[in-house]
Number of protein chains: 2
Amino acid sequence: MAMPATDTFATQAGNSYGPINSYATMAMAASGDACGLDIEAIRQHVPMRRCKHVAGQNIYHAGQPFHAIYLVHAGSYKICELADDGREQVSGFRMRGDLIGVESIGLKAYASDVIALEGSEAWELPYPAVLRACLHVPEMHARLTSALAAEIRSDRSWMLMLGTLAAERRVAAFLLDVASRYARLGYSAKHFILRMSRIDMASFLALKHETVSRALSHLHDMSYIDVQRREVRVLDVHGLRSMAGVGAALN
Amino acid sequence: MAMPATDTFATQAGNSYGPINSYATMAMAASGDACGLDIEAIRQHVPMRRCKHVAGQNIYHAGQPFHAIYLVHAGSYKICELADDGREQVSGFRMRGDLIGVESIGLKAYASDVIALEGSEAWELPYPAVLRACLHVPEMHARLTSALAAEIRSDRSWMLMLGTLAAERRVAAFLLDVASRYARLGYSAKHFILRMSRIDMASFLALKHETVSRALSHLHDMSYIDVQRREVRVLDVHGLRSMAGVGAALN
DNA sequence: TGATGCGCGTTACAAACCGTTACAAACCGT
DNA sequence: ACGGTTTGTAACGGTTTGTAACGCGCATCA
């Protein structure tokens with residue numbers, strides 16, 4: 001039982017010390033994608049256009065009927081679930097290569113609210129064209145289906161995390177997840193900038209932002225990380241992992 | 001703001017006082033399904049066989065490669081997420097008309113563990129046949145895709161519930177969800193038998209089983225419900241709803 | 001038949017964790 | 001420099017958990 005899959009990003013050490021991801025470098029990642037969707041291949045079947053983006057606004061305009069899904073090109077987006085009575089829950093963050101809006105397939109309106117964090121851009125894929133491509137190109141069908149299935153699996157592993165880990169462990173697991181996502185995109189997994197506020201992190205982790213602050217401070221005190229506002233340096237991956245429970249959540 | 005969608009099952013009052021769902025009556029529901037999947041229509045494209053079922057055993061046999069998805073015919077199944085370190089989280093319950101296993105599409109192994117609760121049966125749909133049908137029958141493609149999308153939306157509303165509601169409210173929301181599921185199948189929404197243990201409920205709601213017990217007792221004290229072990233009578237739907245937050249989670 | 005063991009459910013009490021509240025410091029744009 | 005927003009820190013209090021005890025139903029077995 002000696003640490004299976006213990007090196008989600010330690011094996012990628014080559015790029016673990018790559019450039020810190022800043023808003024600038026985020027926009028120029030390699031175009032090959034780690035998330036199963038190759039932009040060039042899709043473009044052969046579905047007309048895509050780059051989404052003009054205004055920081056802090058929904059990429060889905062409120063009240064508009066559902067007409068497209070989005071493929072994140074740069075930056076990141078937060079996905080929010082809204083209740084009738086005003087409650088709000090961040091259900092995830094999407095980065096380059098992730099799809100946004102697939103859960104609205106089959107609906108007349110959007111299932112969730114999507115908010116672009118600073119400096120984000122996405123490709124807009126008209127939904128009718130996507131459907132047509134799925135029916136005529138088996139490969140597209142397989143891609144969309146496994147993208148949906150992957151979305152479910154990812155949500156489930158967060159349910160596992162939220163249901164079984166205490167506050168501090170959730171924060172550790174979250175940091176490891178962010179790190180491995182950056183690593184997959186070719187950025188450093190040991191030094192990165194969180195693109196979301198403490199409040200967004202807290203909502204996603206089902207905590208209060210003060211609790212997130214305390215947890216981060218404590219992880220800092222234990223020398224697992226070095227954190228200053230949104231800048232994070234991972235000092236002890238092993239320690240973080242044991243804190244999060246080996247293989248906690250994530251992928 | 002006067003109570004939108006306030007009558008998820010109050011409008012179906014005609015069947016709200018139908019027969020109590022016992023293990024016997026559960027097996028003979030009408031064959032028309034409320035969940036978007038019509039068994040007879042599917043059978044035209046995909047060979048199905050009734051799954052022999054042994055209470056308490058996985059319907060996915062451990063170690064076997066992924067080869068089918070399942071359509072629940074009777075009873076209910078619980079879906080479990082497992083972590084490497086032994087943590088376990090119930091991520092949902094599936095009833096008649098629900099699909100099981102769609103999240104494993106595209107994988108060599110199963111994403112979650114599935115455990116049949118007492119008296120449950122399912123239709124087995126061989127996965128290759130399902131895929132073939134999706135490519136040749138547009139309607140099948142739409143059905144599978146929206147089943148996957150619905151799965152995502154359902155998971156997300158539970159994240160909303162877990163992230164924003166306190167313990168007692170979660171329990172109330174859970175009861176309302178169970179009630180509306182029974183109503184959709186034509187059973188009473190005001191008098192039903194919970195098919196899962198307190199421990200399973202607790203895991204699903206990210207609580208401890210004692211907390212679930214206390215919450216149920218308190219709902220009983222407030223005369224919202226009448227509960228005796230697994231038998232539940234809903235006495236005050238309105239009260240339950242305000243407890244859960246109007247329109248909380250569900251569906 | 002009655003005894004025993006086991007899992008499930010309920011309740012009480014104490015302890016721990018996290019949320020609440022409040023305030024101060026750092027950062028940002030103007 | 002200014003005000004507003006975000007983040008950090010601390011003390012307090014409440015909700016949830018942990019622990020333990022007990023009742024109940026059911027299966028096993030003498």
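Keep in mind that the numbers below use all heavy atoms, side chains included, and drop hydrogens, waters and symmetry copies. It should be emphasised that the depicted structure is a prediction, and the values quoted were computed from it without experimental measurement.
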Could you tell me how far apart [X] ([atom1]) and [N] ([atom2]) are, to the nearest whole angstrom?
X: B:His218; N: C:dT10; atom1: NE2; atom2: P; answer: 15 Å
X: A:Arg198; N: C:dA25; atom1: CZ; atom2: P; answer: 19 Å
X: B:Met201; N: C:dT10; atom1: CE; atom2: C1'; answer: 14 Å
X: B:Asp200; N: C:dG7; atom1: CG; atom2: P; answer: 15 Å
X: B:Gln228; N: D:dC24; atom1: CD; atom2: P; answer: 12 Å
X: A:Leu205; N: C:dG19; atom1: CG; atom2: P; answer: 11 Å

Contact summary for A:Lys190 and A:Ser188, nearest pair of heavy atoms: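 Reported closest heavy-atom pair: N-OG, 3.1 Å.
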Specify the closest pair of heavy atoms between B:Glu103 and B:Ser112, including all atoms of both residues, with the distance to one decimal.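 In terms of heavy atoms, the two residues are closest at OE2-OG, 3.0 Å.
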Does a donor on one side chain and an acceptor on the other come within less than 3.5 Å for A:Gln89 and B:Thr164? no
For the backbone of B:Leu205 and the side chain of B:Arg170, can you confirm whether one donor and one acceptor N or O come within less than 3.5 Å of each other?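 Present.
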Any donor-acceptor pair under 3.5 Å from A:Ser91 side chain to A:Glu81 backbone: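 Answer holds: no.
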In plain terms, say whether A:Arg233 and A:Glu231 are close enough for a salt bridge, that is, a side-chain N and a carboxylate O under 4.0 Å apart.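 A salt bridge is present here (some side-chain N lies under 4.0 Å from a carboxylate O).
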Apply salt bridge (charged side-chain N to carboxylate O under 4.0 Å, His left out) to residues B:Asp113 and B:Lys78 and explain how you reach the verdict. CA-CA 8 Å; B:Asp113 198 17; B:Lys78 73 173 183 188; over 6 Å; no
Sequence-aligned protein contact record of nucleotides 12-21 of chain D, with B where the base is within under 4.0 Å of a protein heavy atom and S where only the sugar-phosphate is: ----SBBB--
Ring centroid separation for A:Phe93 and A:Phe204, is it under 6.0 angstrom? yes
Which stems, defined as runs of 3 or more consecutive Watson-Crick or G-U wobble pairs with both pairing distances under 3.5 Å, involve DNA chain C?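 Counting only runs of 3 or more consecutive pairs, the stems involving DNA chain C are C:1-30 with D:1-30.
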Select base, sugar-phosphate, or nothing to describe what A:Ser197 touches, counting heavy atoms under 4.0 Å on all strands.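 Counting heavy atoms under 4.0 Å across all strands, the contact made by A:Ser197 is with sugar-phosphate only.
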